[in-house]
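Hydrogens, waters and symmetry mates play no part in the numbers below; they use all other heavy atoms, side chains included. Chain A is the first sequence line, chain B the second, and so forth, proteins listed ahead of strands; every chain is numbered from 1.
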There are 2 protein chains.
Amino acid sequence: MRIGDIAHRASVSVKTIRHYERIGILAPAERESNGYRSYEPEVLDRLIFTRSAQAIGLTLGEIREVIAFRERGETPCAHVLDLIEQRASELTERIAELEALRADLNTLTQRGRDLDPTACSPTSICHIIPPTP
Amino acid sequence: MRIGDIAHRASVSVKTIRHYERIGILAPAERESNGYRSYEPEVLDRLIFTRSAQAIGLTLGEIREVIAFRERGETPCAHVLDLIEQRASELTERIAELEALRADLNTLTQRGRDLDPTACSPTSICHIIPPTP
DNA sequence: CTAAACCCTCCCCCGTAGGGGAGAGTCAAG
DNA sequence: CTTGACTCTCCCCTACGGGGGAGGGTTTAG
């Protein structure tokens, strides 16, 4: 299979495939005599896995690590489970931060509706946004 | 006031001040005869505003626009209120996405605990992560 | 007088996941 | 024989908010 074929089948761009090779998600491809990359069908599995893993928020660096387990002949499951739990807990923190921010913004929206724009002095640029302590 | 003084008073770095000048948050500073930047006290207000606006999630580009209203002699309040409401609604969307992702991750965590690692075939790299359709 | 502490400009660097395009080679069909 | 569709490498670019450091000039206190 050539790079264009496999890219099409995996629904990614040719650039993406070459990028994955460069960062170690894919092993350096075999080459045809003309220098073109040549792929075995199982590379497609790896591309599909990569897409799926990205979809649940893993970075390419993490995905590369997971794949490295397989390359070493180990099952990556325990590591994957760690990553997932870790990402979930980071996510919980992140959501809490964003919710706090949203609450602040809602307060400011109300404040902005109550304040009189003509009373806004140039000194503070805009009196809707309160100075951070 | 020199750049180091004002940076210290605003709790930002000297690099930050120069960066703000370059991107138009601050007007080009007056210079002393030796070429050193020289600041009037009101610039400090602008820096404090910038910090406060960043704290509620505005980008430097948006902050620059807000300041531009002031420079044109208009009150930026209406624009600021728009930005805040827009940011709040983006945030609501973003939070929903992250919550959906977290739900997926929790499902996968359970799945990962139930599945047998020794039954994980190399083809799919790791069977905890399901293929995206 | 000298060393520390400022200040200046200029340019490259971080992370993330590739995209854009130059300039060149290759291959199949018409 | 040429045209169009592939492919190759290489290098720069994106957003964001600056940080790091080179290589210089200035100032101020001891």
*asked:* Measuring from the side chain of A/Val14 (C-beta onward, heavy atoms only), which nucleotide among D/dT27, D/dT9, D/dT7 has the closest atom?
replied: D/dT7

*OP1, OP2 of C/dA17 versus side-chain N and O of A/Arg64: anything below 4.0 Å?*
no

*Within less than 4.0 Å of OP1 or OP2 of D/dT27, is there a side-chain N or O belonging to B/Asn34?*
yes

*Would you kindly check whether a donor in the side chain of B/Lys15 faces an acceptor in the base of D/dG17, or vice versa, at under 3.5 angstrom?*
no

*asked:* Nearest whole Å is fine: how far is D/dG17 P from B/Ile25 CD1?
replied: 9 Å

*Pick base, sugar-phosphate or nothing for A/Ile3, based on heavy-atom distances below 4.0 Å to the nucleic acid.*
sugar-phosphate

*If you check every side-chain atom of A/His19, which of C/dA17, D/dT26, C/dC8 has the closest atom?*
C/dA17

*Could you state the CD-P distance from A/Glu30 to D/dT7, rounded to the nearest angstrom?*
17 Å

*Does D/dG19 have OP1 or OP2 sitting under 4.0 Å from an N or O in the side chain of B/Thr16?*
yes

*Is any side-chain N of the basic residue among A/Arg87 and A/Glu90 closer than 4.0 Å to the acidic one's carboxylate O?*
yes

_Run A/Ser89 and A/Thr92 through side chain to side chain donor-acceptor pair (under 3.5 Å) and show every step you take._
CA-CA 5 Å; A/Ser89 97; A/Thr92 297; over 6 Å; no

*Classify the nucleic acid contact of B/Arg18 as base, sugar-phosphate or nothing, counting any heavy atom under 4.0 Å across all strands shown.*
base

*asked:* Looking at B/Phe69, I'd like to know if the NZ or CZ of B/Arg72 sits under 6.0 Å from its six-membered ring centre while staying within 45 degrees of the ring's axis.
replied: yes

_Donor-acceptor pair under 3.5 Å, A/Tyr36 side chain vs C/dG25 base_ = yes

*Look at the side-chain N and O atoms of A/Arg2 and state whether any lies under 4.0 Å from the OP1 or OP2 oxygen of D/dC6.*
no

*Tell me: CZ of B/Arg37 to P of C/dC6, nearest whole Å?*
17 Å

*A/Glu21 CD to D/dT7 P, straight-line distance once rounded to whole Å*: 14 Å

*asked:* Expressed as a whole number of angstroms, how long is the span from A/Asp5:CG to C/dC27:P?
replied: 15 Å

*Can you name the closest pair of heavy atoms from B/Pro130 and B/Arg111 and give their distance?*
CB-NH2, 4.2 Å

*Atom NE2 of B/His8 to atom C1' of C/dC7: distance rounded to whole Å?*
17 Å

*Identify, between B/Arg31 and A/Ser33, the residue whose nearest nucleotide on DNA chain C lies closer to the 5' end.*
B/Arg31

*Answer with base, sugar-phosphate or nothing: what part of the nucleic acid does B/Arg22 contact at a heavy-atom distance below 4.0 Å?*
nothing

*Taking OP1 and OP2 of D/dG19, is either one under 4.0 Å from a side-chain nitrogen or oxygen of B/Ser13?*
yes

*Would you kindly give the CG-to-P distance between B/Leu58 and D/dA15, to the nearest whole Å?*
19 Å

*Separation of D/dG19 P from B/Ile23 CD1 (nearest whole Å)*: 12 Å

*Do A/Tyr20 and A/Leu60 touch side chain to side chain, with heavy atoms closer than 4.5 Å?*
yes

_Among D/dG18, D/dT9, D/dT7, the one nearest B/Gln54 by side-chain distance_ = D/dG18

_Could you tell me if the side chain of B/Arg102 sits less than 4.5 Å from the side chain of A/Ile95, heavy atoms only?_
yes

